*Asks:* 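Sending over a structure as structure tokens; questions will come in a sec.
First listed ligand is number 1; within each ligand, the first listed atom is number 1. Since the structure is predicted, the reported quantities are computational estimates derived from the model, not experimental observations.
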Amino acid sequence: MPLVELRGLDDVVAQGRPAPPCIVVVFGATGDLNARKIAPALYNLAASGLLNPNTVVLGVARRDRTDEQFRDEMRGAIGEFSRSPLDRDLWNEFAQRWYYHVTHADRPLEYLALRHRMDELSRRHHAGASRLFYLAMTPDTFGPIARNLREAGLSESPSPESFVRVVVEKPFGRDLLTAHTLNEELLQGFHEKQIFRIDHYLGKETVQNLLVFRFANSIFEPLLNRHYVERVEISTLESTGMEGRRGPYYDRTGALRDMVQNHMLQLLSLIAMDVPTRMAGEPVRDEKLKVLRSLQPMNPHEVAASTIRGQYGPGPDMPAYRQEEGVARDSQTETYAALRLSIDNWRWAGVPFFLRTGKRLAQKASYITIVFRQEPIRLFYNMDCDLRGTNRLSIRITPNEGITLVCDAKVPGPRMLLRPVKLDFGYQTAFESASPEAYEHLLLDAITGEPTLFIRNDEVEAAWRFVDSIRSAWDTAGQPPLVGYSPLSWGPHQARSLLLDPYKDWQTP
Ligand code: BG6
């Protein structure tokens with residue numbers, strides 16, 4: 001009998017961090033984010049026994065709904081979007097603790113009624129005094145909501161044993177200035193420690209595994225630096241375009257703000273950070289911040305030489321970006337961005353990092369590839385080695401979550417013929433339990449007060465400082481020009497030029 005048995009994630013989480021009772025108040029409860037992500041995540045947490053049984057959920061929005069209507073809507077949403085099928089008995093039991101309250105987020109007087117309702121529900125269900133506010137609304141409402149919650153006495157914990165936290169989602173501004181203002185507004189109601197900023201990439205199993213993989217094994221970490229790594233590529237590719245009426249939002253945003261500023265720079269900071277002193281919120285985020293601060297803002301000349309921006313054109317039976325609903329017919333918004341950047345610190349000096357992201361590409365795939373340097377002397381150079389691979393470590397975030405190490409091996413037979421082979425770890429085969437959705441993990445962390453996977457404000461600002469330098473060169477100098485690419489391709493062919501070697505190409509999934 002082994003001393004330590006391998007357990008499913010749920011057991012580990014449940015045993016490590018019991019969720020305290022609380023009331024979860026979802027602002028924007030009639031919206032898409034609640035239907036698609038928050039409600040299914042709460043349901044799955046309850047189904048896995050990870051929520052405290054006294055947890056109450058209160059949906060808040062300005063539309064009229066009765067509690068019953070809201071529960072019916074949520075049952076429909078969970079039935080459609082939950083990763084595990086809706087269990088009627090379980091939902092009927094859980095739904096007894098779901099309520100709805102009409103509130104106009106911008107009307108301070110209505111918050112007193114909200115407070116009474118929360119108090120009454122907490123008493124009725126023994127949910128205690130802890131509150132988690134989830135602001136599933138546009139960022140322009142964060143300031144008024146924070147102020148109104150404070151004025152209604154809802155933003156401070158009423159007792160030392162209870163908590164009040166607020167969860168917000170990207171976009172955290174459109175540039176450094178607006179991000180800073182947005183944060184000041186949130187700080188009018190809450191302290192930084194109460195604010196949990198979600199980047200859903202950090203809730204993905206494989207992304208969290210980056211930390212485990214790097215810092216719970218001693219074999220990889222010594223290799224991850226300029227002495228052994230030739231380059232690092234991070235790709236987040238999507239095959240979808242502007243489905244789901246994304247056009248108007250996306251056309252104001254573009255790939256650089258939508259994906260690079262947040263998800264991609266978070267991936268970059270996790271793969272490049274130094275060892276934190278402890279695996280806890282502040283040390284981990286301190287190390288990530290150092291990476292983000294080591295990215296030097298680029299001047300227009302550097303932007304022209306190290307970035308590519310593209311926009312998809314028409315394809316067979318597919319509209320061009322400019323023909324999509326809600327998109328300007330002469331839009332200059334990029335649906336693809338690729339960049340070469342360097343991290344100016346001792347570990348990574350001189351190692352290029354390549355980032356690319358885009359819509360309507362050949363495949364939905366997110367992955368990181370670390371390409372190692374060639375051995376210093378090529379002993380096998382003259383022997384049928386044209387098929388030799390380069391040592392590389394590939395971390396697949398989606399799909400087929402897992403990690404692959406590619407190295408060369410001898411092909412059996414009398415000749416010294418080499419071929420690349422894969423040492424492969426796949427989540428699906430290594431672990432029996434299905435991975436929870438990112439939102440489940442993040443919601444549970446917010447309830448238990450575990451901040452490691454949430455973004456601190458200084459990280460947000462450091463990322464904007466870097467991204468602003470690119471955006472402003474694109475907008476003012478117009479360099480590099482916006483180039484077209486065909487739908488379902490791997491993006492504009494010009495992106496290859498960033499690699500600075502005609503024999504190299506981006507790693508495909
Ligand atoms: C969101 C972006 O943050 O991430 C979307 O706003 C994008 O444009 C999405 O499609 C990608 O997330 P995932 O988890 O599907 O890779």
*Asks:* Quick one, Q266 and K288 - any side-chain contact, counting heavy atoms below 4.5 Å?
*Replies:* yes
*Asks:* Numbering the atoms of ligand 1 from 1, which are under 4.0 Å from a heavy atom of Y201?
*Replies:* 12 (O), 13 (P), 14 (O), 16 (O)
*Asks:* Check whether any N or O atom of D258, backbone or side chain, sits under 3.5 Å from an N or O atom of ligand 1, and answer yes or no.
*Replies:* yes
*Asks:* Among M242, E238, E437, which one has a heavy atom closest to atom 7 (C) of ligand 1?
*Replies:* E238
*Asks:* Under 4.0 Å from a heavy atom of K359: give me the atoms of ligand 1 that qualify, with their elements.
*Replies:* 5 (C), 7 (C), 8 (O), 10 (O)
*Asks:* Under a 4.0 angstrom heavy-atom cut-off, which atoms of ligand 1 come close to H263?
*Replies:* 1 (C), 3 (O), 4 (O)
*Asks:* Can you say whether the rings of F94 and W91 are parallel (under 30°), tilted (30 to 60°) or perpendicular (over 60°)?
*Replies:* perpendicular
*Asks:* Which ligand 1 atoms does K204 reach within 4.0 Å, using its non-hydrogen atoms?
*Replies:* 13 (P), 14 (O), 16 (O)
*Asks:* Tell me whether the NZ or CZ atom of R197 lies within the 45° cone about the ring axis of F454 and under 6.0 Å from its centre.
*Replies:* no
*Asks:* Indicate yes or no: does E302 engage R340 in a salt bridge with an N to O separation below 4.0 Å.
*Replies:* no
*Asks:* Starting from atom 15 (O) of ligand 1, what is the nearest protein heavy atom, named by residue and atom, and what distance separates them?
*Replies:* K364 NZ, 2.7 Å
*Asks:* Under 6.0 Å between ring centres, would you say that holds for Y485 and Y336?
*Replies:* yes
